[in-house]
2 protein chains.
Amino acid sequence: MAYFVIVPVMLDIGGIFSFNHVQESFMGTKGEGNRQRIITAADDLFYRRGYNQTSFQDISDATGIPRGNFYYYFKTKDEILHAVVDGRLDELSALLSKIESETDNPRERLLMFSNMLEDNRDNVIQSGCPFGTLSSELAKDDPQLHEKSTQIFAVLRHWIKQQFVALGLTNADDLALDLLARLQGVTVIACAFKDVDYIKRSHQQIKDWINTNTLN
Amino acid sequence: MAYFVIVPVMLDIGGIFSFNHVQESFMGTKGEGNRQRIITAADDLFYRRGYNQTSFQDISDATGIPRGNFYYYFKTKDEILHAVVDGRLDELSALLSKIESETDNPRERLLMFSNMLEDNRDNVIQSGCPFGTLSSELAKDDPQLHEKSTQIFAVLRHWIKQQFVALGLTNADDLALDLLARLQGVTVIACAFKDVDYIKRSHQQIKDWINTNTLN
DNA sequence: ATTTTAGTAATACGACCGTCTGATAATGGA
DNA sequence: TCCATTATCAGACGGTCGTATTACTAAAAT
């Protein structure tokens, strides 16, 4: 029942993933700087206002780059989204690599990962989870865009699963989905009620859940 | 830290809520029929495509009512959203009343309520939760619209809490939020991965959770 | 020195947006 | 019958959308 086909290739050895398929014609050139500025601004706006509610004009205003120039860097708005998602994938990979470098203990890794929730709680209250809200929004748009946004969840799912696998758990994939679902549920409810305290309480519950599922 | 102020008045006695504040000038008239058709079509489109991605033209196409007529029934698009949310609140109240009429046992009530997840699983896979996705979308728009959408969660929260209260649980409100969060988390992940089986599995987990929290 | 390319700036394009208007048709009580 | 109310209709309004094209500058390559 696998719906999406494109799954990012993951190099678990060394924990280094790479999704930043920068067009080589832009490598190291001056234009690459502007391209990156567009991506950075779009990333922020897509998160805070949503993909569909962000116009080229908004990005233009945020960067100072004339709206007409965007076509030079990206043929369509879709392409900007792809670049933004690739950027988020890179950031995520860097974060996961950092976690992996700090401890070999899967339980501690999962706990560190779960801290993402509380570290970003102010943003979560305002705009929800950057991965979850994007996925939910794009589910109602073009299936291709939704598929792209789901790559982020696919990476997280795989990484979390690997931690459970390392602990010898047979239902590692189910547990990975459960952890993701818990995090998503908390963000949706906390954002809906603008309730910071609920994040704190739930984060503790999630840490407890991780501990009970990893201590054997 | 309560952020939103407007809380719907709930008449728990008899389990009958009422949010359908129909403008009396429309009561029983012919125009009320068209008004309702607009709301019904908008409700469906807001769910499947999102609020911002639904245009007056879309609603016009779906109903056959000329776009220009909408101003007669609703001054702004916001008003349509309000009417749609009120409609959903009425439907929800009817559902909860039905559950209340079928059993006095809070545990059974909560279990019946949780069936909503599986009953709508096909829609959930495609478009997510109609309450959750609306809330997440509008969190990035006007705060007033978001507040309106949150009324639905507020009703659910209150009703679920009452079931736990009836069981003598002191942390009833926390449990209510937890149940809502679980449901939301499942829908987000299931929709992201287009995974029907995950809904089935998670629904069973949720029912188990309800049982362990209500059997004393 | 000349040609090619990378990048900038400004703007035109058609389509569509939510909103609003003015005119008309139907309705029903006086 | 008259008239006010209720309802319907087509279309214009200014604005913004994503997209596309043009003309231009500057640097690099030949």
Side-chain angles (χ1 to χ4, degrees), chain A residues 22-43 45-46 48-85 137-138 140-142 144-145 148, chain B residues 22-43 45-46 48-85 137-138 140-142 144-145 148:
Chain A
V22 178
Q23 294 184 28
E24 282 157 32
S25 57
F26 286 126
M27 288 284 285
T29 63
K30 185 181 172 195
E32 174 60 21
N34 274 351
R35 191 186 141 92
Q36 199 56 50
R37 282 170 57 214
I38 291 173
I39 295 174
T40 303
D43 186 299
L45 288 165
F46 288 175
R48 295 202 341 269
R49 303 191 195 168
Y51 171 73
N52 288 300
Q53 290 310 293
T54 298
S55 70
F56 281 56
Q57 189 60 52
D58 292 331
I59 306 173
S60 172
D61 293 342
T63 56
I65 298 167
R67 199 174 81 258
N69 285 26
F70 288 21
Y71 189 68
Y72 175 73
Y73 299 100
F74 306 95
K75 295 292 168 234
T76 64
K77 198 181 177 186
D78 302 1
E79 281 189 22
I80 300 184
L81 179 83
H82 276 255
V84 166
V85 171
E137 178 183 2
L138 298 181
K140 314 202 176 201
D141 279 314
D142 178 18
Q144 278 197 8
L145 290 185
K148 181 69 190 177
Chain B
V22 177
Q23 293 183 28
E24 281 158 32
S25 58
F26 287 128
M27 288 286 285
T29 65
K30 187 182 172 194
E32 174 60 21
N34 274 351
R35 191 186 142 93
Q36 199 55 51
R37 283 169 59 213
I38 291 173
I39 295 174
T40 304
D43 186 300
L45 288 165
F46 289 175
R48 295 200 342 266
R49 303 191 196 167
Y51 171 74
N52 289 300
Q53 290 310 293
T54 298
S55 69
F56 281 56
Q57 189 60 53
D58 292 331
I59 306 174
S60 172
D61 293 342
T63 57
I65 298 168
R67 198 176 81 259
N69 284 27
F70 287 24
Y71 188 68
Y72 174 71
Y73 299 101
F74 306 96
K75 296 295 170 229
T76 65
K77 197 182 178 185
D78 302 2
E79 282 191 20
I80 300 184
L81 179 83
H82 277 254
V84 165
V85 171
E137 178 183 2
L138 297 182
K140 313 200 175 200
D141 279 312
D142 178 17
Q144 278 199 8
L145 290 185
K148 181 69 190 176

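Chain naming here is simple, since letters A, B, ... match the order of the sequence lines and numbering starts at 1 in each.
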Side-chain donor/acceptor of [X] to backbone N/O of [Y], under 3.5 Å:
{"X": "B/Arg37", "Y": "B/Thr63", "result": "yes"}
{"X": "A/Lys77", "Y": "A/Tyr51", "result": "yes"}
{"X": "A/Glu79", "Y": "A/Lys75", "result": "yes"}

- Identify which nucleotide among D/dA7, D/dT19, C/dG7 has an atom closest to any side-chain atom of B/Tyr73, counting heavy atoms from C-beta outward. D/dA7

- Of the nucleotides C/dG18, C/dT21, D/dT19, which one has an atom closest to the side chain of B/Lys77? C/dG18

Whole Å only: how far is the [atom1] atom of [X] from the [atom2] atom of [N]?
{"X": "A/Asn52", "N": "D/dG18", "atom1": "CG", "atom2": "P", "answer": "9 Å"}
{"X": "A/Tyr71", "N": "C/dC13", "atom1": "OH", "atom2": "P", "answer": "17 Å"}
{"X": "A/Asp141", "N": "D/dC17", "atom1": "CG", "atom2": "P", "answer": "16 Å"}
{"X": "A/Phe70", "N": "C/dA10", "atom1": "CZ", "atom2": "P", "answer": "14 Å"}
{"X": "A/Phe74", "N": "C/dT8", "atom1": "CZ", "atom2": "C1'", "answer": "16 Å"}

Might you list the N or O atoms of the protein lying below 3.5 Å from N or O atoms in nucleotides 9-15 of chain D, with each pair's distance?
{"from": "D/dA12", "atom 1": "N6", "to": "B/Arg67", "atom 2": "NH2", "distance (Å)": "3.0"}

- Message: For B/Thr40 and B/Asp43: C-alpha separation, side-chain torsions, deciding distance, then whether side-chain hydrogen bond (donor to acceptor under 3.5 Å, both in side chains) applies.
- Response: CA-CA 5 Å; B/Thr40 304; B/Asp43 186 300; over 6 Å; no

- Shortest non-hydrogen pair, B/Ile39 vs B/Ala83, comes out as CD1-CB, 3.7 Å

- Item | Heavy-atom pair of closest approach, residues B/Leu81 and B/Leu145 | CD2-CD2, 3.4 Å

- Query: So with a 6.0 Å cut-off around CD of A/Gln144, is the heavy-atom count from everything else above 12?
  - Reply: no

- Message: Among residues 55-62 of chain A, which ones have heavy-atom contacts with DNA chain C below 4.0 Å?
- Response: none

- Query: So, A/Asp141 versus A/Asn52: side-chain donor-acceptor pair below 3.5 Å or not?
  - Reply: yes

